[in-house]
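Encoded as C-alpha coordinates, the structure appears first; notes follow it.
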Amino acid sequence: EANASLPSGNYGDPINVELTSPTAGAVIHYTVDRTVPTESSPAYTAPIALTQTTVLRTKVFAPGLLASNVTSSTYIFLNANVAAFNSNLPLMIIESFNKALPEDPLTYSQISIHENPAGRTKLTDPPVLVSRAGVKKRGSSSIGFPKNNYAVELWDEQNLDRKSEVFGMPAESDWILHGPYSDKSQMRNYLTYDYSNQMGRWAVHCRFVELFLNQSGTKVDAADYWGVYVLMEKIKRGDERGDIKRLHASQTAAPALTGGYILKNAR
(Lines give C-alpha, C1' and ligand atoms only; values in the text may rest on other atoms or scores of the structure.)
Protein backbone atom coordinates (compact mmCIF):
# COMPACT_ATOMS: atom_id res chain seq x y z
CA GLU A 1 0.00 0.00 0.00
CA ALA A 2 1.08 3.59 -0.55
CA ASN A 3 2.13 5.86 2.30
CA ALA A 4 1.25 9.57 2.34
CA SER A 5 3.68 12.12 3.77
CA LEU A 6 0.87 14.06 5.49
CA PRO A 7 -1.83 12.45 7.66
CA SER A 8 -5.55 12.93 7.18
CA GLY A 9 -6.71 16.08 8.92
CA ASN A 10 -7.86 19.66 8.60
CA TYR A 11 -5.61 22.25 6.98
CA GLY A 12 -5.75 25.99 6.45
CA ASP A 13 -2.93 26.48 3.97
CA PRO A 14 -2.11 24.71 0.68
CA ILE A 15 -0.19 21.46 1.11
CA ASN A 16 2.01 19.15 -0.93
CA VAL A 17 1.56 15.42 -0.41
CA GLU A 18 4.29 12.92 -1.27
CA LEU A 19 3.50 9.24 -1.87
CA THR A 20 5.89 6.32 -1.31
CA SER A 21 5.73 2.55 -1.49
CA PRO A 22 8.07 0.00 0.14
CA THR A 23 7.70 -2.34 -2.87
CA ALA A 24 10.57 -2.18 -5.34
CA GLY A 25 9.48 -1.33 -8.88
CA ALA A 26 5.97 -0.41 -7.78
CA VAL A 27 3.90 2.27 -9.48
CA ILE A 28 1.46 4.25 -7.38
CA HIS A 29 -1.73 5.29 -9.16
CA TYR A 30 -4.01 7.83 -7.52
CA THR A 31 -7.25 9.78 -7.87
CA VAL A 32 -8.47 13.05 -6.36
CA ASP A 33 -12.09 12.73 -7.55
CA ARG A 34 -12.97 10.06 -4.94
CA THR A 35 -13.07 7.23 -7.51
CA VAL A 36 -11.14 3.95 -7.14
CA PRO A 37 -7.68 4.19 -8.76
CA THR A 38 -6.84 1.88 -11.66
CA GLU A 39 -3.78 1.47 -13.86
CA SER A 40 -5.38 4.11 -16.10
CA SER A 41 -5.38 6.65 -13.28
CA PRO A 42 -2.51 9.17 -13.01
CA ALA A 43 0.79 7.65 -11.89
CA TYR A 44 2.54 9.40 -9.03
CA THR A 45 5.72 11.16 -10.15
CA ALA A 46 5.94 14.32 -8.01
CA PRO A 47 4.35 15.80 -4.86
CA ILE A 48 0.63 16.47 -5.29
CA ALA A 49 -0.39 20.06 -4.60
CA LEU A 50 -3.74 20.43 -2.82
CA THR A 51 -5.63 23.66 -2.15
CA GLN A 52 -9.17 22.38 -1.53
CA THR A 53 -10.81 19.52 0.34
CA THR A 54 -9.63 16.29 -1.28
CA VAL A 55 -9.86 12.55 -0.71
CA LEU A 56 -6.58 11.22 -2.10
CA ARG A 57 -7.08 7.55 -2.98
CA THR A 58 -4.14 5.36 -3.93
CA LYS A 59 -3.46 1.87 -5.23
CA VAL A 60 -0.07 0.26 -5.83
CA PHE A 61 0.72 -1.91 -8.86
CA ALA A 62 3.93 -3.96 -9.17
CA PRO A 63 5.08 -6.56 -11.74
CA GLY A 64 4.22 -10.12 -10.72
CA LEU A 65 2.20 -9.04 -7.70
CA LEU A 66 -1.47 -8.48 -7.03
CA ALA A 67 -2.53 -4.86 -6.83
CA SER A 68 -2.66 -3.45 -3.32
CA ASN A 69 -5.78 -2.50 -1.42
CA VAL A 70 -7.09 1.01 -1.93
CA THR A 71 -6.02 3.47 0.75
CA SER A 72 -7.35 6.96 1.32
CA SER A 73 -6.12 10.13 2.97
CA THR A 74 -8.64 12.90 3.59
CA TYR A 75 -7.55 16.54 3.63
CA ILE A 76 -10.27 19.00 4.69
CA PHE A 77 -9.53 22.67 4.14
CA LEU A 78 -10.70 25.34 6.57
CA ASN A 79 -11.59 28.95 5.86
CA ALA A 80 -9.78 31.54 7.95
CA ASN A 81 -12.91 32.27 9.99
CA VAL A 82 -12.90 28.75 11.52
CA ALA A 83 -9.18 27.90 11.50
CA ALA A 84 -8.87 28.88 15.17
CA PHE A 85 -12.24 27.44 16.29
CA ASN A 86 -12.00 25.53 19.58
CA SER A 87 -14.35 24.07 22.17
CA ASN A 88 -14.59 22.18 25.44
CA LEU A 89 -16.60 19.60 23.46
CA PRO A 90 -15.31 17.21 20.79
CA LEU A 91 -15.65 18.56 17.24
CA MET A 92 -17.04 16.77 14.20
CA ILE A 93 -17.05 17.64 10.50
CA ILE A 94 -19.30 16.08 7.87
CA GLU A 95 -18.15 16.85 4.32
CA SER A 96 -20.74 15.87 1.68
CA PHE A 97 -18.94 17.28 -1.39
CA ASN A 98 -21.51 19.76 -2.66
CA LYS A 99 -24.49 17.46 -2.03
CA ALA A 100 -27.40 18.37 0.23
CA LEU A 101 -28.11 15.47 2.58
CA PRO A 102 -31.55 13.98 1.80
CA GLU A 103 -33.99 11.88 3.83
CA ASP A 104 -32.98 8.93 1.61
CA PRO A 105 -30.72 7.38 0.51
CA LEU A 106 -27.52 7.40 2.52
CA THR A 107 -25.24 9.90 0.80
CA TYR A 108 -21.48 9.39 0.58
CA SER A 109 -19.64 11.77 2.90
CA GLN A 110 -16.38 11.99 4.80
CA ILE A 111 -16.46 12.46 8.56
CA SER A 112 -13.71 13.76 10.79
CA ILE A 113 -13.90 13.66 14.61
CA HIS A 114 -11.52 15.53 16.89
CA GLU A 115 -10.97 15.43 20.66
CA ASN A 116 -8.14 16.77 22.78
CA PRO A 117 -8.36 15.11 26.23
CA ALA A 118 -5.72 17.50 27.59
CA GLY A 119 -7.72 20.68 26.99
CA ARG A 120 -9.89 22.52 24.52
CA THR A 121 -10.29 20.82 21.16
CA LYS A 122 -9.33 22.70 17.99
CA LEU A 123 -10.40 21.92 14.44
CA THR A 124 -6.72 21.65 13.58
CA ASP A 125 -6.06 18.96 16.21
CA PRO A 126 -5.26 15.50 14.78
CA PRO A 127 -8.50 13.55 14.20
CA VAL A 128 -9.37 10.60 16.41
CA LEU A 129 -11.46 9.16 13.56
CA VAL A 130 -11.58 9.79 9.82
CA SER A 131 -13.92 7.62 7.77
CA ARG A 132 -16.01 7.29 4.67
CA ALA A 133 -19.65 7.27 5.66
CA GLY A 134 -23.20 7.26 4.40
CA VAL A 135 -25.23 10.09 5.94
CA LYS A 136 -28.89 11.09 5.64
CA LYS A 137 -31.53 13.05 7.51
CA ARG A 138 -33.32 11.08 10.20
CA GLY A 139 -36.68 11.42 11.89
CA SER A 140 -40.42 11.48 11.39
CA SER A 141 -42.18 14.38 13.07
CA SER A 142 -38.77 16.02 13.58
CA ILE A 143 -37.82 15.91 9.90
CA GLY A 144 -39.19 19.42 9.38
CA PHE A 145 -37.31 20.99 12.29
CA PRO A 146 -34.78 23.69 11.33
CA LYS A 147 -32.13 21.58 13.09
CA ASN A 148 -32.13 18.12 11.54
CA ASN A 149 -31.17 14.78 13.01
CA TYR A 150 -28.82 12.57 10.99
CA ALA A 151 -28.13 8.87 10.58
CA VAL A 152 -24.45 8.02 10.08
CA GLU A 153 -23.23 4.68 8.76
CA LEU A 154 -19.44 4.25 8.75
CA TRP A 155 -18.10 2.72 5.53
CA ASP A 156 -14.87 1.07 4.44
CA GLU A 157 -13.16 1.60 1.07
CA GLN A 158 -15.81 -0.58 -0.64
CA ASN A 159 -18.68 1.35 1.01
CA LEU A 160 -19.47 -1.64 3.23
CA ASP A 161 -20.17 -1.34 6.94
CA ARG A 162 -17.08 -0.44 8.96
CA LYS A 163 -17.24 -1.04 12.70
CA SER A 164 -15.24 1.60 14.57
CA GLU A 165 -14.91 2.63 18.18
CA VAL A 166 -15.97 6.22 18.82
CA PHE A 167 -15.07 8.03 22.08
CA GLY A 168 -14.48 4.67 23.78
CA MET A 169 -17.95 3.41 22.87
CA PRO A 170 -18.03 -0.17 21.54
CA ALA A 171 -17.15 -0.53 17.87
CA GLU A 172 -20.12 -0.37 15.51
CA SER A 173 -20.99 1.06 12.11
CA ASP A 174 -24.35 2.72 12.85
CA TRP A 175 -24.57 6.00 14.76
CA ILE A 176 -27.03 8.86 15.25
CA LEU A 177 -26.50 12.59 15.44
CA HIS A 178 -29.39 13.85 17.54
CA GLY A 179 -30.08 17.58 17.34
CA PRO A 180 -32.33 18.27 20.36
CA TYR A 181 -34.23 21.14 18.71
CA SER A 182 -37.43 20.77 20.78
CA ASP A 183 -35.44 20.36 24.02
CA LYS A 184 -33.87 23.75 24.61
CA SER A 185 -31.84 22.37 27.53
CA GLN A 186 -30.34 19.88 25.01
CA MET A 187 -29.79 17.45 27.91
CA ARG A 188 -32.96 15.41 28.53
CA ASN A 189 -32.18 12.41 26.33
CA TYR A 190 -28.50 12.49 27.27
CA LEU A 191 -29.23 12.49 31.02
CA THR A 192 -31.90 9.76 30.72
CA TYR A 193 -29.51 7.44 28.89
CA ASP A 194 -26.64 8.26 31.22
CA TYR A 195 -28.67 7.62 34.39
CA SER A 196 -29.87 4.28 32.98
CA ASN A 197 -26.30 3.18 32.29
CA GLN A 198 -25.19 4.28 35.75
CA MET A 199 -27.95 2.12 37.29
CA GLY A 200 -26.69 -0.92 35.38
CA ARG A 201 -29.54 -1.02 32.87
CA TRP A 202 -28.57 -0.85 29.20
CA ALA A 203 -29.16 2.34 27.29
CA VAL A 204 -27.39 3.90 24.35
CA HIS A 205 -24.06 5.55 25.11
CA CYS A 206 -23.63 9.09 23.86
CA ARG A 207 -21.42 12.16 23.81
CA PHE A 208 -22.04 15.83 23.11
CA VAL A 209 -20.22 17.20 20.06
CA GLU A 210 -20.18 20.43 18.07
CA LEU A 211 -20.92 19.80 14.40
CA PHE A 212 -19.79 21.44 11.18
CA LEU A 213 -21.78 20.24 8.16
CA ASN A 214 -20.30 21.33 4.82
CA GLN A 215 -22.69 20.78 1.92
CA SER A 216 -21.38 23.63 -0.25
CA GLY A 217 -18.35 21.99 -1.87
CA THR A 218 -16.07 24.82 -0.69
CA LYS A 219 -13.81 25.15 2.35
CA VAL A 220 -15.39 24.57 5.76
CA ASP A 221 -16.72 27.95 6.84
CA ALA A 222 -18.36 29.58 9.85
CA ALA A 223 -21.66 29.26 7.95
CA ASP A 224 -21.26 25.45 8.15
CA TYR A 225 -21.52 25.46 11.95
CA TRP A 226 -24.58 23.37 12.87
CA GLY A 227 -24.35 23.63 16.65
CA VAL A 228 -24.37 21.17 19.55
CA TYR A 229 -25.44 17.59 18.81
CA VAL A 230 -25.59 14.34 20.75
CA LEU A 231 -23.63 11.59 19.00
CA MET A 232 -25.24 8.35 20.14
CA GLU A 233 -25.39 4.66 19.41
CA LYS A 234 -28.23 3.52 17.16
CA ILE A 235 -30.60 1.07 18.86
CA LYS A 236 -30.19 -2.26 17.06
CA ARG A 237 -29.57 -5.92 17.74
CA GLY A 238 -25.97 -6.80 18.54
CA ASP A 239 -23.64 -8.01 21.25
CA GLU A 240 -22.63 -4.43 22.06
CA ARG A 241 -26.08 -2.91 21.48
CA GLY A 242 -29.41 -4.61 22.25
CA ASP A 243 -28.48 -8.19 23.20
CA ILE A 244 -31.62 -9.67 21.62
CA LYS A 245 -31.76 -12.83 19.52
CA ARG A 246 -33.21 -12.74 16.01
CA LEU A 247 -36.66 -14.33 15.64
CA HIS A 248 -37.44 -16.49 12.61
CA ALA A 249 -40.75 -17.11 10.82
CA SER A 250 -40.82 -20.66 12.14
CA GLN A 251 -40.84 -19.45 15.76
CA THR A 252 -44.55 -18.98 16.43
CA ALA A 253 -45.06 -20.16 20.01
CA ALA A 254 -43.49 -20.05 23.46
CA PRO A 255 -40.80 -20.50 24.59
CA ALA A 256 -39.25 -19.36 21.27
CA LEU A 257 -41.27 -16.14 21.26
CA THR A 258 -40.36 -15.16 24.81
CA GLY A 259 -37.54 -12.75 25.51
CA GLY A 260 -36.69 -9.19 24.60
CA TYR A 261 -38.10 -7.05 21.82
CA ILE A 262 -37.23 -3.74 20.19
CA LEU A 263 -40.27 -1.54 19.66
CA LYS A 264 -40.40 1.52 17.41
CA ASN A 265 -42.93 4.31 17.88
CA ALA A 266 -43.41 5.37 14.25
CA ARG A 267 -45.37 8.58 14.80
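Sequential numbering from 1 along the given sequence is applied to the chain's residues.
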Can a donor-acceptor pair be found, under 3.5 Å and without considering hydrogens, that links the side chain of Ser196 to the backbone of Arg201? yes

Hey, is CG on Asp104 packed in by over 12 heavy atoms from elsewhere, all under 6.0 Å? yes

Say you draw a straight line from CD1 of Ile15 to OG of Ser5; how long is it, rounded to the nearest 0.5 Å? 8.0 Å

Would you kindly say whether Ser216 and Asn214 are connected by a side-chain donor-acceptor distance under 3.5 Å? yes

Heavy-atom closest contact (Gly227 atom, Lys147 atom, distance): C-NZ, 4.2 Å

Would Leu101 and Ile113 show up in the same hydrophobic cluster when neighbours are defined by side-chain heavy atoms closer than 4.5 Å? yes

Ring of Tyr108, cation from Arg34 - is the NZ or CZ under 6.0 Å from the centre and inside 45° of the axis? no

Give, for atom CD of Glu153 and atom OG of Ser131, the distance between the pair rounded to the nearest 0.5 Å. 10.5 Å

Ignoring hydrogens and angles, tell me if any N or O in the side chain of Asp183 forms a donor-acceptor pair with the backbone of Pro180 under 3.5 Å. no

Asp156 side chain to Asn159 main-chain N or O, any donor-acceptor pair under 3.5 Å? yes

Answer yes or no: are there more than 12 heavy-atom neighbours, outside Lys136 itself, under 6.0 Å from its atom NZ? yes

Pairing of Glu157 and Arg162 as salt bridge, 4.0 angstrom limit: no

Please determine whether residues Ile176 and Val209 belong to a single hydrophobic cluster, defined as Ile, Leu, Val, Met, Phe, Trp and Tyr linked transitively by side-chain heavy-atom distances below 4.5 Å. no

Should the heavy atoms of other residues, nucleotides or ligands under 6.0 Å from NZ of Lys184 be counted, would the total exceed 12? yes

Which value, rounded to the nearest 0.5 Å, describes the distance between Asn86 atom CG and Thr124 atom OG1? 9.0 Å

In Å, rounded to the nearest 0.5 Å, how long is the span from CZ of Phe212 to CE of Met92? 13.0 Å

Cationic tip of Arg138 within the cone over Trp175's six-membered ring, i.e. under 6.0 Å and within 45° of the normal? no

CD/Gln52: more than 12 non-hydrogen atoms of other groups inside 6.0 Å: no

Paired with Ser87, the side chain to side chain donor-acceptor pair (under 3.5 Å) test is passed by just one of Arg120, Glu210, Glu115, namely Glu210

Side-chain donor-acceptor pair present, His114, Asp125, cut-off under 3.5 Å: no

Which pair of non-hydrogen atoms, one from Tyr75 and one from Val17, has the smallest distance, and what is that distance? OH-CG1, 3.6 Å

Between Lys236, Lys163, Lys234, which is the residue that forms a salt bridge (charged side-chain N to carboxylate O under 4.0 Å, His left out) with Asp174? Lys236

Could Lys219 and Tyr11 be counted as a cation-pi pair, given that NZ or CZ must be under 6.0 Å from the ring centre and within 45° of the axis? no

Would you check if the distance from the ring center of His29 to the ring center of Phe61 is below 6.0 Å? yes

What about Tyr190 and Phe208, are their ring centers closer than 6.0 Å? yes

Looking only at atom types and distance, does a side-chain atom of Asn149 sit under 3.5 Å from a main-chain N or O of His178, one as donor and one as acceptor? no

Judged by atom type as modelled, is there a donor-acceptor pair below 3.5 Å linking the side chain of Glu95 to the main-chain atoms of Phe97? yes

When you measure from the side chain of Thr53 to the backbone N and O of Ile76, does any donor-acceptor pair fall under 3.5 Å? no

Under 3.5 Å, is there a donor on one side chain and an acceptor on the other for Thr31 and Ser41? no

Tell me yes or no: between the side chains of Gln110 and Thr74, is some donor less than 3.5 Å from an acceptor? yes

Counting only heavy atoms not in Leu66, do more than 12 fall under 6.0 Å of its CG? no

Indicate yes or no: at least one non-hydrogen side-chain atom of Val220 is less than 4.5 angstrom from one of Asn79. no

Taking every heavy atom of Val152 against every heavy atom of Ala133, the minimum-distance pair comes out as CG1-CB, 4.2 Å

Locate the shortest heavy-atom distance separating Ala4 from Ser73; write the atom from each residue and the value. CB-OG, 3.7 Å

Check Ala256 against Leu247 and note the closest heavy-atom contact, atom names and distance. O-CD2, 3.4 Å

Look at the side chain of Asp161 and the backbone N and O of Ser173, then say whether any donor-acceptor pair between them is shorter than 3.5 Å. no

I'd like to know whether OH of Tyr195 has more than 12 heavy-atom contacts from other residues, nucleotides or ligands below 6.0 angstrom. no

To check you understand the geometry: which heavy-atom pair defines the closest contact between Leu91 and Thr121, and what is its length? CD1-O, 3.5 Å

If I take atom CD from residue Glu172 and atom OG from residue Ser164, how far apart are they, to the nearest 0.5 angstrom? 10.0 Å

Residues Arg241, Glu233: salt bridge by 4.0 Å N-O rule: yes

Joint hydrophobic cluster, Val228 plus Val230, side-chain heavy atoms closer than 4.5 Å: yes

Spacing of OG1 belonging to Thr23 relative to CD1 belonging to Ile28, to within rounding of 0.5 Å: 9.0 Å

Group every Ile, Leu, Val, Met, Phe, Trp and Tyr by side-chain heavy-atom contacts under 4.5 Å, then state whether Val82 and Tyr225 land in the same group. yes

Can you hop from Ile262 to Leu257 via hydrophobic side chains spaced under 4.5 Å? no

